[in-house]
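Please read the structure below before turning to the comments.
This chain uses plain numbering: 1 for the first residue, then up along the sequence. Predicted model, so just to flag it, every value in this text is computed and none were measured. Order of appearance sets the numbers: ligands from 1, and atoms from 1 within every ligand.
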Amino acid sequence: MKVTRISVYQVDLPLAHPYWLSGGRLKFEVLDATFVKLETDTDFVGWGEGTPWGHTYVAAHGPGIRAGIKTMAPFILGLDPRRFLDVERAMDLALPGHLYAKAPIDMACWDIAGHAAGLPIADLMGGGSRTARPIASSVGAKTVEETRAVIARYRERGYIAHSVKIGGDVTRDIARIRDVEAFRRDGEIILYDVNRGWSRAQALQAMSATADLHVMFEQPCETLHDIAAVSGKHSAAISIDETLVTLQDATRIARDGIAEVFGIKLNRVGGLTKAARIRDVALAHGIDMFVMATGGSVLADTEALHLAATIPDDHCQAVWACQDMITTEIAGGRGPRNVDGHLHLPETAGLGVHPYEDALGDPIAVYA
Ligand code: MG
């Protein structure tokens, strides 16, 4: 089997509500999505998606995905998409770094390999758990009262996992944490996501002031150096997502004990092939995981769900459904959707969902 054609589509995915990152630092209203269709010299076709969480969040650029694919396409055409290690090496040779540009190609290769094997991707990866994965909500930076109201609305839809965005004013952050913990229910998974918003001193202040609550924080500071520098000085569990990009990041975090949880974002780390190695580092070192898209449609959510299904149930905290935050539907309602706050692994071969091409418009580039 050979890749014979790569078609690239760009779609704007408007957010239902403008999104402010922790502390109100960054705001965006539309996600710039790239969809990729890989065709082969057989009937098998694969789809991939790359949708950064805005351009201003971390180093990932929607137009950069399209530019990266243009550079890599001549090296991908002619390869067997089921041999995703060959495709990975070809992309890494053609364009070092730029992992987020490679993720949609990798995703489409896994989709084709799943179709060819007649297996859902998670089973092709070695076996997927059928335990539904809780979806983590995304509770934007709000007052104490607004935070309660947003969590209550998510609870009505069955959500048991919540990512509460903090990282603005430390005093206000401490008040919000104390309030959320006061009405937290048994069994709820709550992550306080700082989105790099604290200095080292602010992190120590907030984590010390809430030490009695034994809560979990995500990405408290800007860099791994910063998080490592304070890690021996507090007792909180730490999740790292934004500065978990490469396998080297994962091994450093594990070796140096910088965090207890990984937040694996598929697009950020370069797709399933690379993410599976990060998963294995986590499992080897007793590190639990959240697995998520960086953003995007049901395709991106489904890719994350497949990886999450390959993690033992006890070590997979939650996934995310970015699809619930966007107003454009590109797959006609198919694919895994929120059912009582959980996503269920699709049983169909490959990814288990693909876009309606009418919803994507004409490709903006075709390489053949
Ligand atoms: Mg996060």
Quick one: are Phe290 and Trp320 in side-chain contact, heavy atoms under 4.5 Å?
no
For the Mg ion (ligand 1): the N/O/S atom of Asp241 at shortest distance
OD2
Output yes when a side-chain donor or acceptor of Asp226 lies under 3.5 Å from a complementary backbone atom of Arg200, and no otherwise.
no
Beyond-backbone contact of Arg155 with His162, side-chain heavy atoms, under 4.5 angstrom
yes
With salt bridge (charged side-chain N to carboxylate O under 4.0 Å, His left out) as the test, would you mind laying out the steps for Lys102 and Asp106 before giving the verdict?
CA-CA 6 Å; Lys102 298 166 180 172; Asp106 179 80; over 6 Å; no
For the Mg ion (ligand 1), the closest N/O/S atom belonging to Asp193
OD2
Report whether any nitrogen, oxygen or sulfur of Glu218 sits less than 2.8 Å from the Mg ion (ligand 1) (N, O or S, backbone or side chain).
yes
